Amino acid sequence: AASSIVPSYVETGEQLGTTDDAATGDASDDGCSAQTDGLYDLSLSDALREPVFYSSTLAMACASWTYGGVFSQMTAALDAEGIPEQTAANMLSVAALGGFISKIGGGAMSEFLTSRTTFVLCLMGQFTGLSIFIMAGGPNMTLYWVSMLVFGLSFGAQGVLLPLLTVETFGQSHFGSIFGTQYASFLPASLLGPTIAGLSYDLTESYKPAYMLALVIWLVAIASLSHGLILPIDRSSRRD
């Protein structure tokens with residue numbers, strides 16, 4: 001599916017700033033970039049000069065909070081809400097099933113909407129699901145069930161969309177080096193997410209304050225991805 005993706009914000013050769021040689025698929029001699037199979041491929045050094053690289057990487061870093069700061073703490077969060085162990089396990093099963101469906105659906109949606117737009121929609125779904133969880137309380141478990149379903153249907157596609165976003169934005173030729181560099185941005189969520197969640201429980205006996213922080217972080221991710229929808233790649237600094 002990735003080989004058919006074309007950056008949504010690049011539509012014409014004039015926008016790309018390509019020459020007639022580039023339009024015919026000829027690669028530049030210095031190996032910085034090449035146009036192949038409809039994709040304008042950037043090297044890592046080229047990508048590092050583009051603002052969209054940093055907005056995309058920031059979005060990935062914030063989106064990775066889903067794993068380090070939210071879902072990995074969900075069992076403890078449900079327990080802190082007083083939900084019986086078996087009921088909590090069933091809720092997590094619903095979230096996991098939703099995640100499985102999301103992986104399949106998210107990849108299919110990216111074919112029609114682009115991975116960037118699909119990623120924004122998934123983050124909005126996660127935001128909605130976690131917001132419902134934060135609002136839930138009392139003996140009525142309905143909102144907890146709804147939150148797990150909505151969250152599960154949204155977060156599962158994230159693992160599929162992360163690499164597709166890199167391919168869609170920068171092409172395939174140097175995917176390994178570019179995505180590998182972006183992947184380093186996942187580390188803060190892995191280190192800080194569990195720590196902040198633990199502090200939240202120690203101070204308030206609830207994980208909801210940490211989850212409120214996650215909502216803010218996801219808003220930053222959505223804003224960064226939305227910026228990338230309209231932010232063109234600047235070819236003016238590219239070597240000819």
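Here the structure is a predicted model, which is why all the values come from computation and not from measurement.
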Do Ser131 and Thr128 have a side chain donor and acceptor closer than 3.5 Å? no
Please check if any side-chain donor atom of Ser56 sits under 3.5 Å from a side-chain acceptor atom of Arg116, or the reverse. yes
Tell me whether the rings of Phe155 and Phe151 are parallel (<30°), tilted (30 to 60°) or perpendicular (>60°). parallel
Assign the ring pair Tyr201 / Tyr207 to parallel, tilted or perpendicular, where the plane angle (0 to 90°) is split at 30° and 60°. parallel
Within-4.5 Å side-chain heavy-atom neighbours: [X] and [Y]:
X: Leu192; Y: Trp65; result: yes
X: Met124; Y: Phe119; result: no
X: Ser45; Y: His174; result: no
X: Phe133; Y: Leu78; result: yes
X: Ser43; Y: Asp46; result: yes
X: Tyr144; Y: Thr87; result: no
X: Glu85; Y: Asp79; result: no
X: Leu130; Y: Ser147; result: no

Checking the side chain of [X] only, and the main-chain atoms of [Y] only, is there a donor and an acceptor separated by less than 3.5 Å?
X: Thr117; Y: Thr114; result: no
X: Gln73; Y: Ala197; result: no
X: Thr57; Y: Tyr54; result: no

Are [Y] and [X] connected in a single hydrophobic cluster, I mean Ile/Leu/Val/Met/Phe/Trp/Tyr linked by side-chain heavy atoms less than 4.5 Å apart?
X: Leu215; Y: Leu58; value: no
X: Leu203; Y: Ile196; value: no
X: Met74; Y: Val150; value: no
X: Val220; Y: Val52; value: no
X: Val120; Y: Leu162; value: yes

Between [atom1] on residue [X] and [atom2] on residue [Y], distance to nearest 0.5 Å:
X: Leu225; Y: Ser55; atom1: CG; atom2: OG; answer: 7.5 Å
X: Leu165; Y: Thr118; atom1: CG; atom2: OG1; answer: 10.5 Å
X: Ile178; Y: Leu48; atom1: CD1; atom2: CG; answer: 8.0 Å
X: Ile134; Y: Tyr211; atom1: CD1; atom2: OH; answer: 9.0 Å
X: Gln126; Y: Phe71; atom1: CD; atom2: CZ; answer: 10.5 Å
X: Thr166; Y: Gln182; atom1: OG1; atom2: CD; answer: 4.0 Å

Can you name the closest pair of heavy atoms from [X] and [Y] and give their distance?
X: Ala80; Y: Glu205; value: CB-O, 4.2 Å
X: Ala221; Y: Ala63; value: CB-N, 4.1 Å
X: Leu161; Y: Ser110; value: CD2-CB, 4.0 Å
X: Ser206; Y: Glu81; value: OG-OE2, 3.7 Å
X: Ser190; Y: Pro194; value: O-CD, 3.3 Å
X: Pro188; Y: Ser185; value: CD-O, 3.1 Å

Kindly state whether the ring of Phe179 and the ring of Phe175 have centres lying under 6.0 angstrom apart. yes
Quick one: do Met60 and Tyr183 satisfy side chain to side chain contact (heavy atoms under 4.5 Å, CB included)? Show the steps, please. CA-CA 8 Å; Met60 289 181 177; Tyr183 197 84; over 6 Å; no
Using the side chain to side chain contact (heavy atoms under 4.5 Å, CB included) rule, take Leu121 and Leu113 through it: C-alpha gap first, then chi angles, then the decisive distance, then the call. CA-CA 10 Å; Leu121 293 176; Leu113 300 177; 3.9 Å; yes
Quick check on Met212: does its CE atom have over 12 non-hydrogen neighbours (other residues, nucleotides or ligands) under 6.0 Å away? yes
